[in-house]
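Here's the structure, in structure tokens; my notes come after.
We use all heavy atoms of the structure for the numbers below, so side chains are in, but hydrogens, waters and symmetry mates are not. Owing to the predicted nature of the structure, the values given are computational and were not obtained by experimental measurement. Start at 1 and go down the list; that is how both ligands and their atoms are numbered.
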Amino acid sequence: MRLSVRGFSLRYGVRVAVDRVDLQANPGEVLAILGANGSGKSSLLRGLAGVQRHAGTVEWSGGEPGRVGYMPQDTSARSQLTAFEVVLLGRLRSLAFKVDVADLKAARDTLEEVGISHLAERPIRELSGGQRQLVFLAQVLSAGPSALLLDEPTSALDITHQLRVLALLRSATHSRRLTTIVVLHDLNAAARFADRIVMMHDGRVAGHGTPAEALTAETLRRCYGVEVAVFSGPDGAPVILPLRPCDADAAP
Ligand SMILES: Nc1ncnc2c1ncn2[C@@H]1O[C@H](COP(=O)(O)OP(=O)(O)OP(=O)(O)O)[C@@H](O)[C@H]1O
């Protein structure tokens, strides 16, 4: 599904969190949303997912709107459900849900794909933060979405799981022609795994383009207030080395 967003604004009372954002996301493409804390990334994603009221137009074309999978930032869970049951819930399409063999298989396959089959029978409330994050990612994927809206899906993961999950998202996006929008804080991960980047600053789009176009020292200084060095990595993607906050008194 192609996503076209025009004049998107979102406010909490008088506080403007997202201010007249335009963006496009295409099937087969990972779009990373980056920006400093409070720049409006989660608010934008919540609006796109339809869980927060907003102004402006959000158009999904070329697919069923019901096929948009949303994973919020907060994956805390107090339920007694097992990881398998949580993933199976991703298959729920109506209140008259009947579990059939295809649903069970899809849930099992997704647990395997995400590398957490060994957690299947564990109650979700007893899992670690990173394990829970993987379970909720599997829940979203098990639904067979055409589009993914993922809010910091790797924030609690160790480096191995970060690499695995981002590689999985990238390959699934390309091979299944998903439209994937992912909020990330890790600039280097975004540089390697995203096809395009939108940089948010104070609720607005402050830069966009390929990783090399969007992740310039100038844009990062403006958006994060930090001096960085930008190198070219082994696979050609930019590598960002944060040096010091712009307001630091003296360089170390
Ligand atoms: N429920 C809320 N009520 C009032 N203001 C809110 C609410 N949620 C977010 N905000 C404000 O909206 C702005 C954008 O917040 P948002 O959570 O979208 O930022 P973010 O870029 O996702 O930040 P982070 O990187 O810290 O997750 C911030 O100024 C924040 O304080």
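Note on Arg6 versus Glu59: salt bridge recorded, some NZ/NE/NH1/NH2 to OD/OE distance being below 4.0 Å.
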Write 'none' if nothing qualifies; otherwise put on separate lines each N/O atom of ligand 1 with a protein N/O atom under 3.5 Å away and their distance to 0.1 Å.
residue: ligand 1; atom: 18 (O); partner: Ser43; partner atom: N; Å: 2.9
residue: ligand 1; atom: 18 (O); partner: Ser43; partner atom: OG; Å: 2.5
residue: ligand 1; atom: 19 (O); partner: Gly40; partner atom: N; Å: 3.3
residue: ligand 1; atom: 21 (O); partner: Ser39; partner atom: N; Å: 3.1
residue: ligand 1; atom: 21 (O); partner: Ser39; partner atom: OG; Å: 3.4
residue: ligand 1; atom: 21 (O); partner: Gly40; partner atom: N; Å: 3.0
residue: ligand 1; atom: 21 (O); partner: Lys41; partner atom: N; Å: 3.0
residue: ligand 1; atom: 21 (O); partner: Lys41; partner atom: NZ; Å: 2.7
residue: ligand 1; atom: 22 (O); partner: Ser42; partner atom: N; Å: 2.9
residue: ligand 1; atom: 22 (O); partner: Ser42; partner atom: OG; Å: 2.9
residue: ligand 1; atom: 23 (O); partner: Gly38; partner atom: N; Å: 2.8
residue: ligand 1; atom: 25 (O); partner: Asn37; partner atom: ND2; Å: 3.1
residue: ligand 1; atom: 25 (O); partner: Lys41; partner atom: NZ; Å: 2.7
residue: ligand 1; atom: 25 (O); partner: His185; partner atom: NE2; Å: 3.0
residue: ligand 1; atom: 26 (O); partner: Asn37; partner atom: ND2; Å: 3.0
residue: ligand 1; atom: 27 (O); partner: Gln73; partner atom: NE2; Å: 3.4

Q. Given the rule in the salt bridge (charged side-chain N to carboxylate O under 4.0 Å, His left out) test, do Arg170 and Asp195 qualify, once you have shown the distances and angles that lead to the verdict?
A. CA-CA 9 Å; Arg170 188 172 163 83; Asp195 298 295; 3.3 Å; yes
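Residues Ile116 and Val135 are in side-chain contact: their nearest non-hydrogen atoms beyond the backbone lie under 4.5 Å apart. No side-chain heavy atom of Gln162 sits under 4.5 Å from any side-chain heavy atom of Phe193. Looking only at side-chain heavy atoms (C-beta outward), Val18 and His54 stay at 4.5 Å or farther from each other.
For Thr110 and Ser142, the side-chain atoms include no donor-acceptor pair closer than 3.5 Å.
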